Amino acid sequence: MKFSKAYEPNQYEPDIYALWEKSGAFKPNDTKKGPEYTIVMPPPNANGNLHIGHGLTIALEDILTRYHRLKGDDTWYIPGADHAGFETWVVYERYLESQGKTRFDYSRDELYEQVWNFVHEQRGNMELQLRSLGASCDWDSLTFTLDNKVVDTVYSTFKKMWDDGLVYRGEKLVNFCTKHQTAFADIEVTHKDEKGKLWRIAYPLEEPTDEVSELIVSTTRPETLFGDTAVAVNPKDKRYENLIGKKVKLPLTNRLIPIIADEHADMEYGTGVVKITPAHDPNDYEVGQRHNLPMITVIGFDGNMTPAAGDDYKGLTTEECRKKVLQDLIDQDLSRGEEEITHSVGHCYKCDTVIEPLLKEQWFVNLEPLAKRAIEALEAGKIKFHPANKKKVLINYLKNLRDWNISRQIPWGIPIPAFVNVDDPKDWIYDTRVNEETIKVNGKTYRRDNDTFDTWFSSGQWPYITTSDMPHHYPTSVMETGADLLFQWVGRMIMLGLYITDDIPFKDVYMHGMVLDEKGQKMSKSKGNVINPMEIVSQYGSDALRLGLIASRSAGVNQAFSTSKVIASRNLCNKLWNISRLIQQIVDENPTDDSTVELKNYGENWICHQINQANREVQKMLDHYRFAEAGDLLYDLIWNKYADWFLESQKLWKNTNLLKSTLEQILTMLHPFAPFVTETIWQNLSWTNGMLIVNEWPKTYKVDQERVANFEELIDIVTNIRSHFQSLPGANSYPIAFHDDELVYRNQLLIQHLTKAPCVPQIEGKTATGLRLAIQNHNNIYLQIPEDIHAKYKANLEDRILKLGREINTLQARLDNPRYVEKAPVELVEESRLALHDKQKLLDNMKAELELV
RNA sequence: GGGCGGUUAGCUCAGUUGGCUAGAGCGCGUCUUUGACGUAGACGAGGUCAUAGGUUCGAAUCCUAUACCGCCCACCA
């Protein structure tokens, strides 16, 4: 016997994975009869460990992959590894710091090489973890985001955009983290509502009149006043009509700045006068553009005040400067009060430093034409979303896109292939010789741009890059990823995919929600509530983790991790193991010569019907990404139907070939969800050949529906009898007598076996007596109980009569409603009639019985 | 300011074209050395589906409003 008493996942999982991998089962196979089925794995960080969210991602993607492989599709699950530009850089810079070094101690090329080595030392961990999660991906096609084919594609895309005028060099306000010394895209900035103050400051008029001597502006950032190049009022604002075009004195300086009229000034807000600081505020930047205002940078990239802030303030941090400015304003009697407000402030998502909008020359992508095509494709329904509402959300986002800053000032990433003329800062050329600091073209010297691409610029091209060796696998079948990446990644893949390939990158999008901790809190290292998937795997097994993660989880919804669901799943694996153990025993004792499957009794027809139904339902559910329901259904089939009823009944009549066949079907259907235990069982069974992973999806059985229905009735009878045994006082079983009941007569042995009570043989021509059971369609079954417990039974019976009466009333009322009979589907009405008829008959019996008792 | 969700059993959640007695896991109660499984078996208790209206023969499901909770986007001096 190869089956131990309990299933020990750790004992088998690594070997089983190695078996699959060696066999080549993970490779796509275009000799298969089915269509291409392709999933690109969202590439995990190459130098990191997998977190529980990866556990979910891999579970979902691998379920789909294995399901389609079993169905005979040319299935390709493409793994990846992400250089994770900024993320990894943050880790490496921290390491440098610990060594007492900074990035300025090395050249860009040196840093790149160092991080490369750093990443490659760690790489492999992540891949081992993917294996222990059971990912059945084609390792030979693993793509690292810095592989040549990625870089080449990214360069040619950049070039194409350059030629099409979609990418441009521009000096604009960018989101800058003064700690990490790099700019970010708008979407990468985390906004938080914070309490702050709104200060009112007097700006004296150059030429005071009798009525007005000063304008009062409101600001949350007094330290930027040195960068003011105007104050604005609304053109419709009668209060200031006469002042437009005049000048005010900028406090703490000797500068005069104009009073301009611009819609941006809100008449309702504060005094209706706003200071304009084009170099430090995105709104003001636009006002500045409209009015040709000068831009004065008073905060530097180091986060400190520049010399332009004046001798008294230069070199101060913004915070120090703010304090000093406020004090100085009070001293000069220019402060006009303050109020508490709540406003939204941008932060760096890694270090929480306040993001400064700073003027910087960067590469920008004009997304408007790309977004337009994406919106068209989405509105035409070319990509299906799960959950469906994400499509609307994405379209809404794409309609309001601004240009995308793709330059990052970090060394770890794909270098931007652009060079600038050392003598002419406007003269930029495209060139891929990024390993050279300067190049000569047409006698002119060009210096390379030291920036790298935003990683999402390359990730956004992932589907067509990874499938480039087998382009018939593009568009891919489904993009499965976290709901948080809708804009950041999914949107960009659609835009770039349409731009480069003229085709959508994937047909479906499935987005999962976040896995929260057991209390429903977001997991984070600082909170210390992170669940390590590898620990769950070693404790409960990989299959249990998968099943536990997908249980009760629906698309796009954040949900807590549940250990109890993992345990329930572990128990299912053990149950299946023991089912197999029992069947193997029976097979050993009852060998057969052939494998013909014949359905002999009620239970056999019934279980085949149940399996058929599960087969159809599971396919339907997986085709609609309803993982949790499919898992639930199989759980119910295996445990509550196969083990509890069918196997129990097979202890009486052993149909070896059917046991083998049904077990194979169940193993196959469960394999996508629990690949390890099912394959392990397959390998241990004496009669199976080859590997389950490449088995065929089961075909349905031919069943006799009448016998299926009969077995349902037997289940009713047995349950009813057991229920009586449980609720009646005294001994827990009594003899069962009956008359005129063909089904019971033929199944006496089974009923005895399942109820552990003897059936009294029927005597020709005599009616049975005792406590009559009230079972639909079976009115002549009696429990031979002693007189003294009839009373107890009577009370029970009265309860049930009341309940049944209520049900009958409901049905009757429904059928009495002429509009129901008229409008509801005929089958439904017919069903109600039948139900009413049966229930009424049952009620009559029960009432008759009550009189007897 | 705009947008999107959620509210169903003690707990965590399913429930997709509106239709049998609203389900699961865990938990709870009672019983059980049954040819595999105590990581088990049997039986059972437990829900006015947030609230108020509406549409419909019929609503957890569709519509409107309210309350509470949450998320995302946005250039709110």
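What you are looking at is a predicted structure, and each value in this text was computed from that prediction instead of being measured. Just so it is clear: chains get the letters A, B, ... in the order the sequence lines come, proteins before strands, and each one is counted from 1.
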To the nearest angstrom, how far is A/His512 atom NE2 from B/G5 atom P? 20 Å

Please give the distance between the P atoms of B/G58 and B/G41 as a whole number of Å. 43 Å

A/Leu198 has a side chain; which of B/C26, B/A77, B/C43 sits nearest to it? B/A77

Map A/Ala568 and A/Glu268 onto RNA chain B by nearest heavy atom, then report which one ends up closer to the 5' terminus. A/Ala568

Return the set of residues passing ring-ring contact (aromatic ring centres under 6.0 Å, His included) with A/Phe561 (not counting sequence neighbours), or none when no residue passes. none

For atom CH2 of A/Trp645 and atom C1' of B/G41, their distance in whole Å: 12 Å

What is the separation between atom CE on A/Met511 and atom P on B/C4, rounded to the nearest whole Å? 17 Å

A/Lys391 NZ: over 12 foreign heavy atoms closer than 6.0 Å: yes

A/Lys390 NZ to B/C4 C1': how many Å, rounded? 7 Å

In chain order, what residues pass the ring-ring contact (aromatic ring centres under 6.0 Å, His included) check against A/Phe487, with sequence neighbours excluded? A/Tyr397

Under-3.5 Å N/O pairs linking protein and nucleotides 11-15 of chain B:
from, atom 1, to, atom 2, distance (Å)
B/U12, O2, A/Lys565, NZ, 3.2
B/C13, O2', A/Ser552, O, 2.7
B/C13, O2', A/Ser552, OG, 3.2
B/A14, OP1, A/Ser554, OG, 3.2

In short, A/Lys275 meets A/Asp284 closest at the heavy-atom pair O-OD2, 3.3 Å

Touch check for A/Lys275, heavy atoms < 4.0 angstrom, all strands: base, sugar-phosphate only, or nothing? nothing

Using the C1' atom as the point on both nucleotides, what is the distance between B/U56 and B/U61, in whole Å? 13 Å

Distance check, P atoms only: B/U7 and B/C49, in whole angstrom units. 13 Å

At 4.0 Å (heavy atoms only), tell me whether A/Gly272 reaches a base, stays on the sugar-phosphate, or touches nothing. base

Between A/Arg722 and A/Lys392, just flag the one whose closest nucleotide in RNA chain B comes earlier from the 5' side. A/Lys392

Sequence neighbours excluded, which residues qualify as ring-ring contact (aromatic ring centres under 6.0 Å, His included) partners of A/Phe364? A/Tyr168

Between B/U55 and B/C72, how far apart are the P atoms? Round to whole Å, please. 39 Å

Separation of atom CD1 in A/Ile355 from atom P in B/A74, rounded to whole Å: 13 Å

Looking only at atom C1', what distance separates B/G38 and B/A22, rounded to whole Å? 32 Å

Which residue is it: A/Thr219, A/Asp228, A/Asn283? I am looking for the one with a side-chain hydrogen bond (donor to acceptor under 3.5 Å, both in side chains) to A/Thr277. A/Asp228

Assign a letter to each nucleotide of nucleotides 34-40 of chain B from its 5' end: B, base within under 4.0 Å of a protein heavy atom; S, sugar-phosphate only; -, no contact. -BBB-BS

Holding to side-chain hydrogen bond (donor to acceptor under 3.5 Å, both in side chains), I want the full list of residues that pass it with A/Asp281, two or more places apart in sequence or in another chain. none

Among B/U30, B/G5, B/A77, find the nucleotide with the atom closest to the side chain of A/Asp266. B/A77

Just checking A/Tyr397: base, sugar-phosphate only, or nothing, at a heavy-atom cut-off of under 4.0 Å? nothing

Taking only the side-chain nitrogens and oxygens of A/Arg402, find out if one of them lies under 4.0 Å from OP1 or OP2 of B/C75. yes

By side-chain hydrogen bond (donor to acceptor under 3.5 Å, both in side chains), which residues pair with A/Tyr540, not counting sequence neighbours? none

Nucleotide B/A74, atom C1' - distance to CG of A/Asp193 in whole Å: 12 Å

Sorted by chain and number, sequence neighbours left out, side-chain hydrogen bond (donor to acceptor under 3.5 Å, both in side chains) with A/Glu194 holds for A/His347

Do A/Arg336's NZ or CZ and the ring of A/Trp199 fall within the cation-pi criteria of under 6.0 Å and 45°? no

Please give the distance between the C1' atoms of B/U21 and B/U66 as a whole number of Å. 32 Å

Intra- and inter-strand pairing of RNA chain B, written as dot-bracket with Watson-Crick and G-U pairs under 3.5 Å and | for the latter, reads (((((((..((((.....[...)))).(((((.......))))).....(((((..]....))))))))))))....

Looking for any heavy atom pair under 4.0 Å, which part of the strands does A/Val273 touch: base, sugar-phosphate only, or nothing? base

Separation between the C1' atoms of B/G23 and B/A52, rounded to whole Å: 28 Å

Contacts of A/His386 that satisfy ring-ring contact (aromatic ring centres under 6.0 Å, His included) - sequence neighbours left out: A/Tyr625

Looking at residues at least two apart in the chain, or sitting in another chain, which of them share a salt bridge (charged side-chain N to carboxylate O under 4.0 Å, His left out) with A/Glu713? none

Protein-nucleotide distance (A/His343, atom NE2; B/A74, atom P), rounded to Å: 17 Å

Relative to each other, are the rings of A/Tyr12 and A/Tyr7 parallel, tilted or perpendicular (30° and 60° limits)? parallel

Between B/G25, B/U30, B/C76, which one does the side chain of A/Ser344 approach most closely? B/C76

Roughly how many Å apart are B/A45 and B/G6, using the P atom of each and rounding to a whole number? 32 Å

For A/Trp489, which residues count as a side-chain hydrogen bond (donor to acceptor under 3.5 Å, both in side chains) partner, sequence neighbours excluded? none

With a non-hydrogen cut-off below 4.0 angstrom, is A/Thr563 in contact with a base, only sugar-phosphate, or nothing? nothing

Send over the distance from A/Glu263 CD to B/A77 C1', rounded to a whole Å. 15 Å

